[in-house]
Amino acid sequence: MNRLPILKIVITHLTSRKRQTIVSMLGVTFGITVFIFQAGVITGLQDFFIEKTINSTAHIQIYQDKNQKSPPVLLNVYHDEQTWVSVPNIKSKNELPKLKRGLQIVEILESYPEVTGVSPSLSTQAILKLGVADVSGVINGVNIRKENRLFDLEKDMVNGSIIRLETVNNGIILGSGLAESLGALLNDNITVVSPGGVALQMKVVGILDTGLRDLDNNRAYSSIRNTQKLMNVTGSYITDIKIKLNDVDQAGVLAREFQSRFGYSAEDWKQANEGIFSVFRIQNIVTYLVIISILLVSGFGIFNILSMMIYEKMNDIAILKSIGYTDIDIRNIFLLEAVFIGFIGGLIGLLIGFVISWITSVIPTNIEGFVSSEYLNINFDPAFYLLAFVFGLVATSIAGYLPARKASKIDPINIIRSQ
Amino acid sequence: MIMKKVLETKSLNKYFYKPVEFHVLKDINLSIYSGEFVSIVGPSGSGKSTLLYAISSLDREYEGEVLFNNTELKSLTNQKLAHLRNKSIGFIFQFHYLLADFTALDNVMLPGLKLGKLSHEELEEKAMQKLDLLGIADQATKKVNRLSGGQQQRVSVARALINEPRIIFCDEPTGNLDSKNAKVVFDMLKNLTREFDQTILMVTHDDSFSSETDRQIQLLDGKILNRETR
């Protein structure tokens, strides 16, 4: 019964000053809408990119670091602290980046329960030629079935099929960007020239479009055997082992384990994409700063409107106090009004934010750039909605509390006497 | 017959400090008894309203003592004071002081809602009775800013009555009304004291009204002129 009179006053205040109420609600609504939309677009894009990246790069990649320079042999002789050894122009050992016992390592890796797929491969730079067009690219020699199990290549095929890589002699699958710059279509014959000077005639058996521009412009797939021919090496020669895991978050730990076990470099997907993730972190900071400043602005809006309202309601406050309403009642009235504005404005904001996000997600945008995608991928994570709503409520409560406390301290005698 | 003291002041003094120090109330000793209809009269500037505010709990910056039912007002917390005003005190001001956004009925009900003794329905019925008693039951659902001055003042009388207070303080209740309406409102107040034994303390500068009250306290330059008779 004690709360009821306050509620009645709150509702009357809000409904008798409809325009003020709506304006301050709009402030909150706008803030929340922008919050939802911006967070949805930015994190949606990031999630899309991360998902694509995780899908198209290995969780762990084992390879030999070609640029490992051996320490000068002089150090074996002079190693006390007083001696400085300086040897300029140390060259890398003339050693191919071959993974020795590579196929045995593959077998060992397959026995790990955490590992869901292993694909041995070798890759080389090559020039691809079709008529007068020539483009450089990276040829990946893979066991296409194993590779497909890791990266679901089949899903991204826009032309041809992966299985023809096994059935067609000298088959090659091109990235969509690569095919485009070559002007190559399905079943065209192209010439591939390796840095070692080996040239092979190859037949385009498929075109692949992952959505990641960098990969699509560079990458081509061929069989291990053909790539070994291009590189002029023996049948056991592989340079990389790509691994997929059950749990991507274990990649870091397992990468370190593999590195020490096999003696080759093992890089997990986070390290491989470090640059992107640091860009994302900065992007997220900027996003949250923008959102917080918008909510701050709407908080100030509410603060102003409530302050003004209290000014207008001085008489009401004096009357309410003279008929027995306590300081706390008065404070709660204005605080409740602010919370009410925040609550309704926030709900509407969530709704509008959702609708705008949804509309954006179904309108084809055909983004070309960092990633290419027909639709904007928008994150509808309920956590954002909850966060936005809570943040909106907290901001309006703080904005309302200050004027409300001021109102509670008004002494009715000052108002009554001044009449 | 032993009359019960509702209110008593002991050596009440009050100063204004701005713009210059000014001794407004000088050594006021008075008592109000249950069922009395008392008026405070005097020329403007004599401190009538200031005295009313001090003894009605609105203004607690005084020296001396104000005892309401034998409780010193200054000793109360804000919370207790609010409860006292709610339960035991009714106010009627010169400029009616109603909440403009509310209907007449809501205005009358507000103190009762705060007190919370009656259910909403019971309270509404009681408020209607009070409005009926004052002859404005037909205006109950109108917003108060659509009522005439006389009607508004009657709404504030009804509001003062709703919690059946020990005492009603009136500050120039007829001061803002034309003579006809002033008479109506005053007669209603008088009626309350006669028929319902309501204790009323009224500040007025209108001698024709004050002469009809049980007792007049004459104030001049912050001093009581006539001696307490009881």
Side-chain angles (χ1 to χ4, degrees), chain A residues 1-22 305-306 308-334 336-337 340 404-419, chain B residues 16 49-50 52-54 56-62 77-103 106-120 123 143-145 156 159-160 162-163 165 169 171-172 175-176:
Chain A
M1 200 68 193
N2 200 18
R3 290 276 162 258
L4 203 73
I6 295 180
L7 203 62
K8 168 121 186 126
I9 294 162
V10 168
I11 290 166
T12 311
H13 273 179
L14 289 176
T15 50
S16 61
R17 294 281 186 282
K18 284 198 186 70
R19 217 182 57 172
Q20 271 187 356
T21 308
I22 288 169
I305 287 182
L306 271 183
M308 264 166 53
M309 185 141 124
I310 285 162
Y311 230 78
E312 283 174 20
K313 298 279 179 207
M314 285 284 195
N315 262 337
D316 283 22
I317 295 166
I319 297 163
L320 287 170
K321 283 198 167 183
S322 75
I323 62 175
Y325 284 78
T326 61
D327 298 356
I328 294 165
D329 289 332
I330 303 294
R331 191 198 67 202
N332 288 348
I333 286 171
F334 289 97
L336 213 60
E337 284 173 23
F340 201 80
R405 206 184 52 170
K406 197 177 146 204
S408 77
K409 289 190 174 154
I410 289 171
D411 193 345
I413 184 64
N414 294 329
I415 316 294
I416 291 163
R417 193 186 279 142
S418 66
Q419 295 282 330
Chain B
F16 284 146
S49 291
T50 306
L52 186 86
Y53 298 149
S56 65
S57 82
L58 286 175
D59 183 2
R60 292 199 290 170
E61 285 170 9
Y62 53 77
T77 60
N78 277 3
Q79 194 83 11
K80 287 206 169 120
L81 187 75
H83 184 65
L84 175 83
R85 281 178 196 158
N86 186 227
K87 191 165 178 266
S88 310
I89 297 176
F91 283 104
I92 300 166
F93 298 105
Q94 183 173 4
F95 299 102
H96 9 275
Y97 273 102
L98 299 168
L99 298 184
D101 300 323
F102 292 76
T103 64
D106 286 340
N107 266 285
V108 177
M109 284 167 71
L110 275 172
L113 284 170
K114 173 61 193 167
L115 191 64
K117 272 199 175 153
L118 301 175
S119 76
H120 198 270
L123 185 68
K143 281 205 172 178
V144 290
N145 50 16
S156 53
R159 187 184 64 193
I162 190 78
N163 283 347
F169 294 103
D171 184 14
E172 302 270 13
N176 200 32

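- The CD1 atom of A/Ile413 sits 7.0 Å away from the OG atom of B/Ser56 when rounded to the nearest 0.5 Å.
- Residue B/Asn78 touches chain A through its side chain alone, counting heavy-atom pairs closer than 4.5 Å.
- The environment of A/Glu312 atom CD is dense: over 12 non-hydrogen atoms of other residues, nucleotides or ligands sit within 6.0 angstrom.
- By number of non-hydrogen pairs under 4.5 angstrom with chain A, the leading residue of B/Ser49, B/Pro111, B/Ser57, B/Ala160 is B/Pro111.
- Of all heavy-atom pairs between B/Leu99 and A/Leu320, the closest is CD1-CD2, 3.9 Å.
- Residue B/Ala100 comes nearest to A/Asp316 through the heavy atom pair N-OD1, 4.5 Å, listed as atom of the first residue, atom of the second, then distance.
- The contact between A/Asp327 and chain B is made entirely by side chain atoms (from C-beta outward), counting heavy-atom distances below 4.5 Å.
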Is there a side-chain contact (heavy atoms from CB on, under 4.5 Å) between B/Tyr97 and A/Asn315 once you walk through the steps?
CA-CA 7 Å; B/Tyr97 273 102; A/Asn315 262 337; 3.2 Å; yes
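- Here B/Asp106 is the residue among B/Ile89, B/Thr50, B/Leu81, B/Asp106 with the most heavy-atom pairs under 4.5 Å with chain A.
- Between the side chain of A/Tyr325 and the backbone N or O of B/Asn86 there is no donor-acceptor pair closer than 3.5 Å.
- Side-chain atoms of B/Arg159 and A/Ile319, non-hydrogen and from C-beta on, do get closer than 4.5 Å to each other.
- For a residue to count as touching a neighbouring chain, one of its non-hydrogen atoms must lie under 4.5 Å from one of that chain's; by this rule A/Thr326 touches chain B with backbone and side chain alike.
- Between B/Arg85 and A/Pro412, the shortest heavy-atom contact is NH1-CG, 4.2 Å.
- Side-chain atoms of B/Phe102 and A/Ile9, non-hydrogen and from C-beta on, do get closer than 4.5 Å to each other.
- Counting heavy atoms of neighbouring residues, nucleotides and ligands inside a 6.0 Å radius, atom CZ of B/Phe16 exceeds 12 of them.
- Here OG of A/Ser322 is found 10.5 Å from OH of B/Tyr53. Values are rounded to the nearest 0.5 Å.
- Counting heavy atoms from C-beta on, the side chains of B/Met109 and A/Lys8 never come closer than 4.5 Å.
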Between B/Asp101 and A/Lys313, is the salt bridge (Lys or Arg N to Asp or Glu O under 4.0 Å) condition met? List the steps.
CA-CA 10 Å; B/Asp101 300 323; A/Lys313 298 279 179 207; 2.6 Å; yes
